[in-house]
Protein chains: 4
Amino acid sequence: MLPDVSDPRKPNPARRSERSRRAVLGAARELVSEVGYAKVSIEAIAARAGVGKQTIYRWWPSKGAVIFDSFLELSEGEGEEGIRLPDTGDLGADLKAVMRATVAEFADPAFEAPIRALNLEIIADPALADAYREKLAGPVDEAKKERLRSAQRAGQLAADADLDLVLEVLYAPLYQRWLHRAGPLTPQYADALVATVLRAFAP
Amino acid sequence: MLPDVSDPRKPNPARRSERSRRAVLGAARELVSEVGYAKVSIEAIAARAGVGKQTIYRWWPSKGAVIFDSFLELSEGEGEEGIRLPDTGDLGADLKAVMRATVAEFADPAFEAPIRALNLEIIADPALADAYREKLAGPVDEAKKERLRSAQRAGQLAADADLDLVLEVLYAPLYQRWLHRAGPLTPQYADALVATVLRAFAP
Amino acid sequence: MLPDVSDPRKPNPARRSERSRRAVLGAARELVSEVGYAKVSIEAIAARAGVGKQTIYRWWPSKGAVIFDSFLELSEGEGEEGIRLPDTGDLGADLKAVMRATVAEFADPAFEAPIRALNLEIIADPALADAYREKLAGPVDEAKKERLRSAQRAGQLAADADLDLVLEVLYAPLYQRWLHRAGPLTPQYADALVATVLRAFAP
Amino acid sequence: MLPDVSDPRKPNPARRSERSRRAVLGAARELVSEVGYAKVSIEAIAARAGVGKQTIYRWWPSKGAVIFDSFLELSEGEGEEGIRLPDTGDLGADLKAVMRATVAEFADPAFEAPIRALNLEIIADPALADAYREKLAGPVDEAKKERLRSAQRAGQLAADADLDLVLEVLYAPLYQRWLHRAGPLTPQYADALVATVLRAFAP
DNA sequence: GGTTAACCGAGACGGTACGTCGGGTCTTAAC
DNA sequence: GTTAAGACCCGACGTACCGTCTCGGTTAACC
């Protein structure tokens with residue numbers, strides 16, 4: 001057997017220190033909350049984590065990747081497969097509940113800084129965008145689509161509706177408002193989006 | 001009347017060098033296209049523009065502000081009041097044309113770097129976001145709403161539709177796809193968005 | 001007749017503002033005392049004096065020249081020709097008095113900064129060294145030599161003694177000690193120097 | 001024992017790069033010769049040495065200290081204990097030889113710039129003055145005093161003469177002339193100083 | 001007594017260097 | 001062989017001054 005040909009001095013993950021990994025991700029999370037994404041430096045993460053800079057460079061390709069991983073870490077184990085939206089049989093009511101919760105989450109100033117940081121990374125770095133879609137957004141979107149399929153079966157949504165499009169029409173306006181700080185995020189706004197989608201994709 | 005109390009050594013705009021201003025904005029524009037937003041440095045802008053660094057720091061608060069201004073500069077005088085959307089009387093056809101053009105613009109790799117740069121700034125800096133909405137997005141949005149009002153009068157759009165919401169539903173999904181590189185931007189996608197809006201906000 | 005060939009836009013001294021001249025020299029003096037020679041900037045002198053920078057550049061070739069002039073100003077009118085050393089007939093006693101006074105002056109911390117500044121300039125700039133010898137040191141040295149000649153006539157000093165050398169042997173050790181901070185400047189030290197000179201140049 | 005409380009992030013000298021140290025001192029030496037002390041910048045030293053600026057700031061407190069060190073380096077290993085003045089038994093002859101050599105050295109234009117630079121630093125910075133006396137002047141002065149003691153034993157010099165004073169009377173006039181460019185440095189001048197000292201401190 | 005040339009204050013300009021921060025690489029010692 | 005530690009080279013930061021260059025506004029000399 002040939003030795004790993006994609007050689008470039010790859011470290012051996014088997015010997016990786018779990019202790020250091022967690023310390024780095026924890027420090028990254030703290031620092032993003034404290035000083036904001038732009039002002040976080042690898043130097044500071046290493047110092048806070050009590051870790052050599054090299055240890056960070058060895059295992060992550062960029063500052064963005066570290067911080068992204070620190071978000072991943074948070075969301076993991078959250079439900080383990082178990083992400084599932086409420087299904088009372090009334091699509092409108094269920095969507096309103098979910099959208100109002102989303103609006104509330106975005107409006108929480110405590111989440112402002114880290115979520116914005118996460119989005120800046122994703123926008124700037126295609127690789128992170130892929131990882132985001134696969135690891136974070138993907139499972140959630142799948143759960144949402146599952147609820148929509150249930151609605152289709154119940155005759156509350158056009159059977160031929162493009163579910164990706166439905167989700168985009170539902171979430172993108174909210175996302176854009178928040179991203180651009182273009183207006184207030186209120187429960188009424190959430191309701192309006194749900195109403196719009198129900199009308200656009202009625203059977 | 002008191003002499004401007006917010007003293008901190010403000011420079012006198014009357015003596016500002018127009019020559020330097022244009023050189024800086026031009027250099028900023030070039031550099032963003034060449035190396036991308038993140039890698040542009042004030043140092044490089046000053047060097048390229050043949051200008052002292054202090055001249056930049058004197059008139060702009062941040063790198064983002066310089067680059068933002070360089071975009072503003074581009075769009076100015078573009079229409080001078082004259083932004084107006086086509087109005088053939090057929091809202092669907094007109095919107096499709098506009099949306100397809102927008103899709104094409106976003107897909108053009110030459111605009112990728114600068115537009116992404118602009119968006120990163122806007123997302124990261126509330127002050128720039130305000131300026132963006134007022135100076136760049138505002139006039140365009142107003143023109144779009146004007147077209148929608150025309151459609152309302154023609155009975156092609158619900159008279160009580162929230163035009164801000166209409167625009168968001170129309171553009172935000174497209175914007176999000178592009179921002180997250182979440183899928184291809186095709187003419188079909190543009191058409192689908194138009195169809196969705198027409199259905200959602202039908203009279 | 002040719003117009004002044006050494007043309008380079010010489011300003012006309014007749015129109016020079018005496019007010020500005022004094023303000024500049026005063027500010028220079030103050031700043032040297034406050035922050036030390038090395039940290040004085042032309043910018044600061046101009047600001048303190050309430051004068052445009054150009055006004056300084058118009059009339060002085062360098063920072064050193066300004067500061068040097070500020071010293072000249074101080075010493076002028078001091079005696080107008082009238083510098084004369086005490087002559088009681090006892091050379092030893094007279095020299096001791098003068099040397100002890102000199103020692104005391106050098107030891108005064110208030111004079112430390114400015115005198116050191118003056119010396120740094122003189123050492124670094126040959127032109128200023130010439131001006132110093134002519135305008136400041138010259139008259140004083142001449143007065144000292146006059147006293148020595150009186151001593152020669154009185155038979156207290158060798159008639160063929162090289163008076164420049166005598167002065168150097170008297171003052172240079174003191175000067176060097178002060179300049180290099182190589183030891184304490186005491187009245188005893190002054191006395192020792194006088195004794196040395198009297199022995200070396202006894203008739 | 002407490003760990004060095006004067007904490008401020010002191011670097012660890014054990015890990016210091018000898019390569020960088022020598023490169024910096026070499027570059028400093030060259031630049032002083034080429035452009036003169038005042039025009040040497042830390043930036044230029046770093047560039048010439050192929051060294052990061054931080055490496056200089058890490059190990060030296062000021063430009064003066066770097067340049068001073070570059071002189072120290074030169075004089076080291078020069079004699080290793082071995083500084084010793086000629087002792088033919090004839091103090092006058094020996095001193096004349098030494099003083100004439102000193103005069104010749106000072107008159108050499110190649111040494112003018114660096115030596116003047118060294119002196120400016122010493123005069124301006126008390127810390128460097130101390131280092132100078134201890135590391136450079138000290139050993140040489142001790143050798144000179146040794147020769148003088150030998151002369152005292154031989155009855156050529158007053159047994160109670162203050163040797164520090166003797167050295168000052170011998171060297172300070174010469175030093176002052178050179179520093180102020182106050183006159184020519186000739187072998188005759190050297191002889192005159194020796195004669196003066198011999199007379200002043202004759203037994 | 002009115003014109004005009006100069007000096008004046010102010011301060012923006014293109015630059016150089018400052019001293020600091022952080023990036024990413026490399027070395028050392030400890031485990 | 002990975003780790004914590006941290007020195008290294010490098011590039012950029014934002015600031016301080018440099019010496020030059022307009023600007024209006026006095027001001028003194030000459031018409």
Side-chain angles (χ1 to χ4, degrees), chain A residues 9 11-17 19-20 23 39-47 49-59 61-63, chain B residues 9-17 19-21 23 39-47 49-59 61-63, chain C residues 9-17 19-20 23 39-47 49-59 61-63, chain D residues 9-17 19-20 23 39-47 49-59 61-63:
Chain A
R9 293 304 109 208
N12 176 356
R15 314 192 111 228
R16 179 169 187 181
S17 157
R19 187 185 206 303
S20 297
K39 288 205 182 122
V40 173
S41 65
I42 291 194
E43 200 117 345
I45 296 175
V51 140
K53 279 203 286 177
Q54 198 56 251
T55 299
I56 297 186
Y57 283 108
R58 184 149 38 226
W59 300 111
S62 67
K63 180 180 82 166
Chain B
R9 296 301 114 213
K10 270 202 211 147
N12 176 357
R15 318 198 114 208
R16 181 167 186 181
S17 159
R19 187 185 205 300
S20 298
R21 206 192 113 260
K39 289 211 182 114
V40 173
S41 66
I42 291 194
E43 201 113 26
I45 296 175
V51 139
K53 277 200 287 176
Q54 201 61 344
T55 298
I56 297 185
Y57 285 109
R58 185 153 34 229
W59 301 112
S62 68
K63 180 181 83 169
Chain C
R9 296 301 111 211
K10 269 203 212 146
N12 175 358
R15 321 196 88 199
R16 180 169 188 181
S17 157
R19 188 186 204 301
S20 298
K39 288 205 182 122
V40 173
S41 67
I42 291 194
E43 200 116 353
I45 296 175
V51 140
K53 280 202 288 176
Q54 199 59 257
T55 299
I56 297 184
Y57 284 109
R58 184 152 36 230
W59 301 112
S62 69
K63 179 180 85 166
Chain D
R9 295 304 113 211
K10 268 201 210 148
N12 176 357
R15 322 198 95 203
R16 180 166 190 182
S17 158
R19 187 184 203 302
S20 298
K39 289 209 181 118
V40 173
S41 67
I42 291 193
E43 201 114 22
I45 295 175
V51 140
K53 277 201 287 177
Q54 201 64 276
T55 299
I56 297 184
Y57 285 110
R58 185 154 34 231
W59 301 111
S62 68
K63 180 180 84 167

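Chain A is the first sequence line, chain B the second, and so forth, proteins listed ahead of strands; every chain is numbered from 1. Here the structure is a predicted model, which is why all the values come from computation and not from measurement.
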Per-nucleotide protein contact string for nucleotides 22-31 of chain F, where B marks a base within reach and S marks sugar-phosphate only (heavy atoms under 4.0 Å, - for neither): BB----B---
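A close approach under 4.0 Å does not occur between any side-chain nitrogen or oxygen of A/S20 and OP1 or OP2 of F/dT2. Within the structure, a side-chain polar atom (N or O) of D/T55 is placed less than 4.0 Å from OP1 or OP2 of F/dC9. Not one side-chain nitrogen or oxygen of C/W59 sits closer than 4.0 Å to the OP1 or OP2 atom of E/dA6. For E/dC8, the OP1/OP2 oxygens have a side-chain nitrogen or oxygen of C/R58 closer than 4.0 Å.
The CD1-P distance, from D/I56 to E/dC18, rounds to 9 Å in whole Å. Atoms CD1 (C/I45) and C1' (F/dG19) sit 14 Å apart, rounded to a whole Å. Rounded to an integer number of Å, the gap from C/I42 CD1 to F/dC18 P is 5 Å. We find that OH of C/Y57 is positioned 12 Å from P of F/dC17, with the value rounded to whole Å. If you take CG of D/N12 and C1' of F/dC8, they are 14 Å apart, rounded to a whole angstrom.
With rounding to the nearest 0.5 angstrom, the CH2 atom of B/W59 is 11.0 Å from the CZ atom of B/R21.
When distances are taken from the side chain of A/E43 to each of E/dG22, F/dC13, E/dC7, the shortest belongs to E/dG22.
D/A44 pairs by the side-chain contact (heavy atoms from CB on, under 4.5 Å) definition with D/L31, D/S41, not counting sequence neighbours. Annotation: salt bridge (charged side-chain N to carboxylate O under 4.0 Å, His left out) contacts of A/K63 (sequence neighbours excluded): none. Residues passing the side-chain contact (heavy atoms from CB on, under 4.5 Å) test with C/I56 are C/V24, C/I42, C/I45, C/A46, C/V51, C/W60, C/V66, sequence neighbours excluded. For B/S62, the side-chain contact (heavy atoms from CB on, under 4.5 Å) partners are B/A65, not counting sequence neighbours. Under the rule for a side-chain contact (heavy atoms from CB on, under 4.5 Å), the partners of A/R19 that lie at least two apart in sequence or sit in another chain are A/S17.
Closest-nucleotide positions on DNA chain E for B/A46 and D/K63 were compared, and the one nearer the 5' end corresponds to B/A46. Between C/K53 and D/A49, the residue whose closest nucleotide on DNA chain F is further toward the 5' end is D/A49. When each of D/K39 and A/S41 is assigned the nucleotide of DNA chain E bearing its nearest heavy atom, the one mapping closer to the 5' terminus is D/K39.
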